[in-house]
Amino acid sequence: MPANGRKIREQVLALLERKDYRPLNNIDIARELGLTGTQRNALRRTLRELERAGDIARIRKNRYVLPVEADLVTGKLSIHQAGYGFLIPETPGQPDIFIAAENIGTAMHRDRVVARISRDAPCDRIKERREGRVIRILERANDTIVGTLQRSRNFYYVVPDDPRFVHDIYVRPVAAVSDRRASQNLKEDRRSPRHVVATVGDKVVVRLEAWESRHVNPEGEIIEVLGPATAPGIDMLSIIRKFHLTAEFPKDVLDQAERISEQVDARQLEEREDLRKEFIVTIDPDDARDFDDAIHVEKSKGGWQLGVHIADVAAYVEPGSALDREARRRGNSVYLPDRVIPMLPERLSNGVCSLNPGVDRLTHSAFIHFDKNGVAKSARFARSVIRSAHRLTYKQAYAILKSPPGDQLGERLHLAWELASLLRRKRFEHGALDLDFPEVKVWVDKQGHPIRLERVENDESHQLIEEFMLAANEGVARELKKRAIPTVYRVHENPDPEKLAEYREFVLSFDYRVGDLTLRGELQRLLAAIRGKPEEQALKVALLKSLKRARYDPQPLGHYGLAKTNYLHFTSPIRRYADLVVHRALGRDDAARRASHMDMGEVAALAAHISLTERNAADAEIDAAQMKKLEFFQQQLDQRNPQIFRAAVVDVRNYGLMVELPDALITGLIHVSSLTDDFYLFEPARRQLIGRRSRNRLKIGDELSVFVARVDTFKRQVDFAIAPTSEVAKKRDRKRSPGKTKL
């Protein structure tokens with residue numbers, strides 16, 4: 001900002017902070033400050049910047065005030081598909097603000113808005129949650145929406161894929177780009193795109209027009225037709241467009257990648273520690289193609305020596321190069337059920353940087369010495385070269401760990417688990433929270449249709465790698481903090497006590513006796529108590545929502561969940577840009593570090609950027625998996641042969657039972673109308689349904705056998721029904737029979 005701009009900014013803030021200040025518009029402010037000519041133009045720019053930053057707020061008649069003086073709060077709006085929303089304030093420590101549907105105005109999900117806090121009665125007298133009303137939209141989160149084209153008698157409209165966009169979008173019956181090349185041209189010249197007519201049922205991308213009144217639906221223009229909503233691959237393409245992901249790499253990036261040799265030459269080995277004769281292995285998922293971490297463990301009388309060897313991506317991706325700019329823009333790889341959208345081109349991610357077995361690969365190694373009690377005593381770091389001896393899947397590693405060691409591989413793996421289990425036990429003794437979740441992988445065929453769901457447990461093979469990666473990340477964080485080198489840390493700040501108090505009320509409804517959950521030990525006891533219980537997943541998900549979200553930051557603020565004072569990401573530079581930044585900061589010499597040096601301002605901006613790309617990727621991955629799960633259940637309905645699933649009741653309402661399927665990690669409703677064996681009455685005090693004739697009770701924690709009854713793809717909801725006893729018995733018989741495909 002120019003000097004005169006800074007001066008005007010200071011004058012404006014000083015004026016608004018005066019005790020005798022009364023709200024003024026920009027003309028009155030200019031007169032009050034004695035500004036004329038070009039200074040008034042600078043004032044208008046300054047007012048826009050201050051408002052966008054949330055430092056001032058604009059109220060009725062375009063008058064400006066300080067937000068705190070007018071009970072105004074700036075933040076991101078999160079809308080529920082039922083229509084209401086919550087404002088997540090930008091100021092740390094402020095509680096969320098409830099926004100009723102009638103007070104949202106024309107704001108949409110994820111918009112950055114200003115809300116005025118209501119001084120009337122709070123929306124929830126028990127929780128005393130603040131309520132507000134959106135008075136201004138500062139930034140639209142989306143200028144495009146992905147949805148399905150529909151038609152009524154008089155007009156065309158698009159139903160958004162995301163149910164949190166609660167309004168259909170009116171569109172003209174024309175306007176879709178005929179092919180991908182035209183879509184690209186449209187970005188360059190929106191005046192003359194080639195148009196075709198979109199067909200009802202097509203998945204389309206709509207560019208939103210200005211929406212001024214909530215009394216009419218928003219309008220937009222179709223700018224791209226993805227294809228029929230039911231055609232193979234269109235669902236994942238809609239995810240890519242919805243989250244603004246980039247599947248293809250620019251030509252200059254691909255050209256630079258192609259110039260990188262797949263072979264390690266002698267020059268690259270200079271000054272590197274040669275570890276090619278060490279017994280080093282990788283352990284990754286079955287379908288992994290990029291292997292960026294490898295391990296080896298030695299034991300002696302004095303303790304343990306852990307070696308964690310990470311792909312040296314920094315050796316190939318120079319700061320400021322086309323490869324680097326594109327990797328930074330993407331921030332991370334995105335993993336969808338039918339594809340990976342990598343951060344780096346395949347030549348690097350699956351080729352020269354991937355630690356494939358039997359070939360020389362450049363690595364950055366962390367060597368950590370632990371005493372016999374598992375306490376880290378020293379660490380050193382070196383550029384190295386390895387030749388992986390084995391590539392193991394988690395399933396293979398688990399099988400080896402569950403059998404007596406029969407060869408060198410078995411002996412080394414059992415030795416590694418001996419150290420990993422010691423580190424894991426000590427980590428929880430120091431206060432780490434057990435927030436690990438099982439995952440459900442959706443396997444798809446060549447057309448992208450889901451064929452099975454596989455529950456992936458966090459077993460010993462996963463825990464082994466997890467503990468060693470945590471140890472390396474913590475060791476590097478300590479080293480960079482000691483050297484005072486600017487870098488990107490991974491932080492997870494302490495939770496808000498108010499959020500934990502609300503969570504405690506939720507836990508009490510499940511009949512668990514809990515104390516003050518702001519005490520780490522009490523939270524650990526709760527997590528131990530719910531382990532293996534039907535409601536474990538629901539309570540863990542609710543806890544995560546009560547905790548702050550982990551993010552990247554230039555300061556080592558610590559990691560609450562892991563109970564670590566110093567922590568960052570070092571172990572996955574193929575798929576995370578944060579790790580690549582850390583590798584450069586840990587560079588082997590001062591010259592290398594100077595070449596990639598960033599000041600604290602640049603690091604802060606980068607940390608904010610990759611926190612956003614990480615969140616966007618996570619949302620895309622969750623959305624895509626949910627979409628495929630819904631398709632999986634719909635297929636069962638279409639085939640009239642639904643599977644029987646085990647389910648746990650996680651909530652009871654007057655209209656039915658909310659259940660979760662632990663083998664699919666999906667929640668759904670058993671509507672009270674589907675309970676045909678009796679007429680059930682809701683007992684709100686105990687949150688249970690009671691059969692009027694049988695006195696049968698359905699309550700939280702009950703385990704049921706269910707099958708899918710209805711799938712609503714627009715609302716992203718599944719309804720289930722309780723399976724008859726005869727069907728459950730058939731399932732049990734099939735389970736005993738060999739050769740049957742199971743979930």
Quiz item: Counting only N and O atoms by type, is there a donor-acceptor contact under 3.5 Å from the side chain of Glu273 to the main-chain atoms of Ser384?
Solution: no
Exercise. Please state whether the rings of His167 and Trp211 are parallel, tilted or perpendicular, taking 30° and 60° as the class boundaries.
Key: perpendicular
Self-check item: Check: His492 side chain, Lys548 main-chain N or O, donor-acceptor pair, under 3.5 Å
Solution: yes
Quiz item: At their closest point, which heavy atom of Leu580 faces which heavy atom of Pro573, and how far apart are they?
Solution: N-CB, 4.1 Å
Quiz item: Does the pair Arg289/Asp284 count as a salt bridge with the N-to-O cut at 4.0 Å?
Solution: no
Self-check item: Thr487 versus Arg584, side-chain donor and acceptor atoms under 3.5 Å
Solution: no
Exercise. Kindly compute the distance separating OG1 (Thr713) from CG (Leu630), expressed to the nearest 0.5 Å.
Key: 7.5 Å
Quiz item: Do NZ/NE/NH1/NH2 and the carboxylate oxygens of Asp255 and Lys251 come within less than 4.0 Å?
Solution: yes
Quiz item: How long is the gap from OG1 on Thr246 to CD1 on Ile341, to the nearest 0.5 Å?
Solution: 8.0 Å
Exercise. Identify the heavy atoms of Pro450 and Val442 that sit nearest to each other, and give their distance.
Key: CB-CG1, 3.9 Å
Exercise. Go through the steps to decide whether Phe381 and Ser365 satisfy the test side chain to side chain contact (heavy atoms under 4.5 Å, CB included), and finish with yes or no.
Key: CA-CA 6 Å; Phe381 309 94; Ser365 297; over 6 Å; no
Self-check item: Short side-chain to backbone donor-acceptor contact, Asn142 and Ile145, under 3.5 Å
Solution: no
Exercise. Nearest 0.5 Å please: distance from the CG atom of Leu87 over to the OG1 atom of Thr74.
Key: 8.0 Å
Exercise. Determine, for Arg112 against Glu90, whether the closest basic-nitrogen to carboxylate-oxygen distance falls under 4.0 angstrom.
Key: yes
Exercise. Compare all side-chain heavy atoms of Arg140 with those of Arg110 and state whether any distance is below 4.5 angstrom.
Key: no
Quiz item: CD1 of Ile234 to CE of Met236: how many Å apart, nearest 0.5 Å?
Solution: 11.0 Å
Exercise. Considering only NZ, NE, NH1 and NH2 on the basic side and carboxylate oxygens on the acidic side, decide whether Glu614 and Arg490 come within less than 4.0 Å.
Key: yes
Quiz prompt | Exercise: do Ser238 and Arg241 side chains pair donor with acceptor under 3.5 Å | solution = no
Quiz prompt | Salt bridge Asp286-Lys441, side-chain N to carboxylate O under 4.0 Å | solution = no
Quiz item: Any ion pair linking Glu454 and Lys395 (charged N to carboxylate O, less than 4.0 Å)?
Solution: yes
Quiz prompt | His109 side, atom NE2; Arg164 side, atom CZ - distance, nearest 0.5 Å | solution = 3.5 Å
Quiz item: Shortest non-hydrogen contact from Leu149 to Thr199?
Solution: CD2-O, 3.7 Å
Quiz item: Are Ile465 and Tyr394 close enough that some pair of their side-chain heavy atoms sits under 4.5 Å apart?
Solution: yes
Quiz prompt | Flag if over 12 foreign heavy atoms under 6.0 Å of CD, Gln263 | solution = no
Quiz item: Charged N to carboxylate O below 4.0 Å: is that the case for Arg272 and Glu270?
Solution: no
Practice problem: With the side chain counted from C-beta on, respond yes when Val206 and Ile223 share a heavy-atom pair under 4.5 Å apart, and no when they do not. | Solution: no
Quiz item: Please walk me through it: do Arg483 and Leu586 pass side chain to side chain contact (heavy atoms under 4.5 Å, CB included)?
Solution: CA-CA 10 Å; Arg483 296 189 201 171; Leu586 194 65; 3.8 Å; yes
Quiz prompt | Arg347/Glu258 salt bridge by N-O under 4.0 Å criterion | solution = yes
Quiz item: Is it true that Glu51 and Arg48 have a side-chain N and a carboxylate O under 4.0 angstrom from each other?
Solution: no
Quiz item: Between Asp553 (side chain) and Val491 (backbone), is there a donor-acceptor pair under 3.5 Å?
Solution: no
Quiz item: Nearest heavy-atom pair of Gly358 and Arg387: which atoms, and what distance?
Solution: C-CG, 3.6 Å
Self-check item: Flag, side chain of Asp324 to backbone of Gly320, donor-acceptor distance under 3.5 Å
Solution: yes
Quiz item: Is there a donor-acceptor pair closer than 3.5 Å between any side-chain N or O of Ser611 and the backbone N or O of Ala607?
Solution: yes
Exercise. Apply salt bridge (Lys or Arg N to Asp or Glu O under 4.0 Å) to Asp55 and Arg9, showing your working.
Key: CA-CA 10 Å; Asp55 295 328; Arg9 173 191 171 93; 3.4 Å; yes
Practice problem: Could you tell me whether the side chain of Ile295 reaches within less than 4.5 Å of the side chain of Val281, counting heavy atoms only? | Solution: yes
Quiz item: Hey, is Arg172 close enough to Glu209 for a salt bridge, meaning N to O under 4.0 Å?
Solution: yes
Practice problem: Could you check Ser354 against Asp290 for side-chain hydrogen bond (donor to acceptor under 3.5 Å, both in side chains), going step by step and ending with a plain yes or no? | Solution: CA-CA 5 Å; Ser354 186; Asp290 52 338; over 6 Å; no
Quiz prompt | Polar side-chain atom of Asn616 near backbone of Phe243 as donor-acceptor pair, under 3.5 Å | solution = yes
Exercise. May I ask you to test the Leu336-Met627 pair for a side-chain heavy-atom distance under 4.5 Å?
Key: no
Practice problem: Search all heavy atoms of Ser333 against all heavy atoms of Ile574 and return the closest pair with its distance. | Solution: OG-O, 4.1 Å
Quiz item: Relative to each other, are the rings of His364 and Phe570 parallel, tilted or perpendicular (30° and 60° limits)?
Solution: perpendicular
Exercise. Ignoring hydrogens and angles, tell me if any N or O in the side chain of Asp274 forms a donor-acceptor pair with the backbone of Arg276 under 3.5 Å.
Key: yes
Exercise. Check whether NZ of the Lys or CZ of the Arg Arg330 lies under 6.0 Å from the centre of the six-membered ring of Phe249 and within 45 degrees of that ring's axis.
Key: yes
Quiz item: Given the rule in the salt bridge (Lys or Arg N to Asp or Glu O under 4.0 Å) test, do Lys628 and Asp338 qualify, once you have shown the distances and angles that lead to the verdict?
Solution: CA-CA 10 Å; Lys628 287 301 180 185; Asp338 67 338; 5.8 Å; no
Quiz prompt | Pair Glu49 + Arg45: basic N to acidic O under 4.0 Å | solution = no
Exercise. Determine yes or no for a side-chain-to-main-chain donor-acceptor pair under 3.5 angstrom, with Asn473 supplying the side chain and Met469 the backbone.
Key: yes
Practice problem: Start with the C-alpha distance between Leu470 and Tyr567, add both sets of side-chain angles, then the distance that settles side chain to side chain contact (heavy atoms under 4.5 Å, CB included), and finish with yes or no. | Solution: CA-CA 8 Å; Leu470 291 176; Tyr567 192 70; 3.0 Å; yes
Practice problem: Indicate the atoms forming the closest heavy-atom contact of Met343 with Ala327, along with that distance. | Solution: CG-O, 3.6 Å
Quiz item: Going from CD1 on Ile386 to CD1 on Ile280, what distance comes out if it is rounded to the nearest 0.5 angstrom?
Solution: 5.0 Å
Quiz item: Salt bridge check: are Lys242 and Asp162 linked by an N-O gap of less than 4.0 Å?
Solution: yes
Quiz prompt | Side-chain (Gln256) to main-chain (Leu323) donor-acceptor, under 3.5 angstrom | solution = yes
Practice problem: Among Tyr552, Tyr489, Tyr577, find the residue that satisfies the ring pair (Phe, Tyr, Trp, His ring centres under 6.0 Å) test when tested with His569. | Solution: Tyr552
Quiz item: Does Met108 reach the side chain of Leu208, with side-chain heavy atoms less than 4.5 Å apart?
Solution: yes
Quiz prompt | Flag side-chain contact, heavy atom, 4.5 Å: Arg575 against Val340 | solution = no
Quiz item: Can Asp235 and Lys203 be counted as an ion pair, charged N to O under 4.0 angstrom?
Solution: no
Exercise. May I have the step-by-step check of side chain to side chain contact (heavy atoms under 4.5 Å, CB included) for Val113 and Leu138, ending in yes or no?
Key: CA-CA 5 Å; Val113 303; Leu138 296 177; over 6 Å; no
